[in-house]
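Below: one structure, written as structure tokens.
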Amino acid sequence: CESGNKSNSNKSVNEPVESAEVIESTINISGMHCDNCVVSVETGINGLEGIAAVTVSLSDSLAVVKYDESKVKLSEIEKSIEKRGYTVKK
């Protein structure tokens, strides 16, 4: 966690996902301490196939993810967060 990088803590990145299967899930995350943590979570999630949009909030410790459930499962999204060193609270 490097707090020297100042980026927007509520960043949304999206690529079009053409499917009627797009759903939205909110994931509670612990362990994020700075904007770089937010970017790390966003990068991990956006690296998965089927992601339509990701918004990560440092202040709320949440990720709101829109994804095509025929291409990626919620458990895979959660694993991508955990691989980056954060804890998914269920």
Side-chain angles (χ1 to χ4, degrees):
C1 179
E2 297 176 21
S3 59
N5 183 359
K6 302 290 183 198
S7 66
N8 186 349
S9 63
N10 288 321
K11 181 181 172 190
S12 183
V13 177
N14 59 6
E15 293 181 16
V17 175
E18 295 179 19
S19 172
E21 304 292 324
V22 174
I23 61 170
E24 180 177 292
S25 292
T26 300
I27 303 169
N28 292 303
I29 304 168
S30 69
M32 295 190 300
H33 303 288
C34 68
D35 290 339
N36 283 334
C37 296
V38 170
V39 171
S40 178
V41 171
E42 289 173 341
T43 300
I45 295 171
N46 276 316
L48 299 171
E49 182 181 356
I51 300 299
V54 178
T55 302
V56 178
S57 171
L58 179 61
S59 60
D60 296 327
S61 299
L62 295 174
V64 178
V65 185
K66 293 182 182 178
Y67 60 98
D68 182 338
E69 64 182 346
S70 71
K71 293 184 179 180
V72 65
K73 296 179 180 157
L74 181 58
S75 62
E76 293 172 289
I77 297 169
E78 293 172 341
K79 283 180 186 177
S80 76
I81 295 167
E82 292 170 342
K83 281 183 182 179
R84 299 210 169 239
Y86 307 100
T87 303
V88 174
K89 299 185 284 185
K90 299 190 180 198

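Being a predicted model, the structure only gives us computed values, none of them experimental.
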Task: Evaluation steps, side-chain contact (heavy atoms from CB on, under 4.5 Å), between Y67 and V54 - done: CA-CA 9 Å; Y67 60 98; V54 178; over 6 Å; no

[atom1] of [X] to [atom2] of [Y]: how many Å apart, nearest 0.5 Å?
X   : Y   : atom1 : atom2 : answer
I27 : K90 : CD1   : NZ    : 9.0 Å
E76 : I81 : CD    : CD1   : 12.5 Å
I77 : E82 : CD1   : CD    : 12.0 Å
E42 : I51 : CD    : CD1   : 12.0 Å

Hydrophobic cluster membership, [X] vs [Y], 4.5 Å side-chain cutoff:
X   : Y   : value
L48 : I23 : yes
L58 : V88 : yes
Y86 : V64 : no

Task: Atom NZ of K73 with >12 non-hydrogen neighbours under 6.0 angstrom - done: no

- [ ] Kindly indicate whether the side chain of N28, heavy atoms from C-beta on, has any atom under 4.5 Å from the side chain of L62.
- [x] yes

Task: V65 vs L74 side-chain heavy atoms within contact, under 4.5 Å - done: no

Task: Sequence-distant partners of E49, salt bridge (charged side-chain N to carboxylate O under 4.0 Å, His left out), two or more places apart - done: none

TODO: Using salt bridge (charged side-chain N to carboxylate O under 4.0 Å, His left out) as the criterion, list what pairs up with K83, not counting sequence neighbours.
DONE: none

Can you name the nearest heavy-atom pair linking [X] to [Y], along with the distance?
X   : Y   : result
G31 : C37 : O-SG, 4.4 Å
S70 : D68 : OG-OD1, 2.5 Å
A63 : I29 : CB-CD1, 3.7 Å

- [ ] Output all residues satisfying side-chain contact (heavy atoms from CB on, under 4.5 Å) with S61, sequence neighbours left out; order by chain, then residue number.
- [x] none

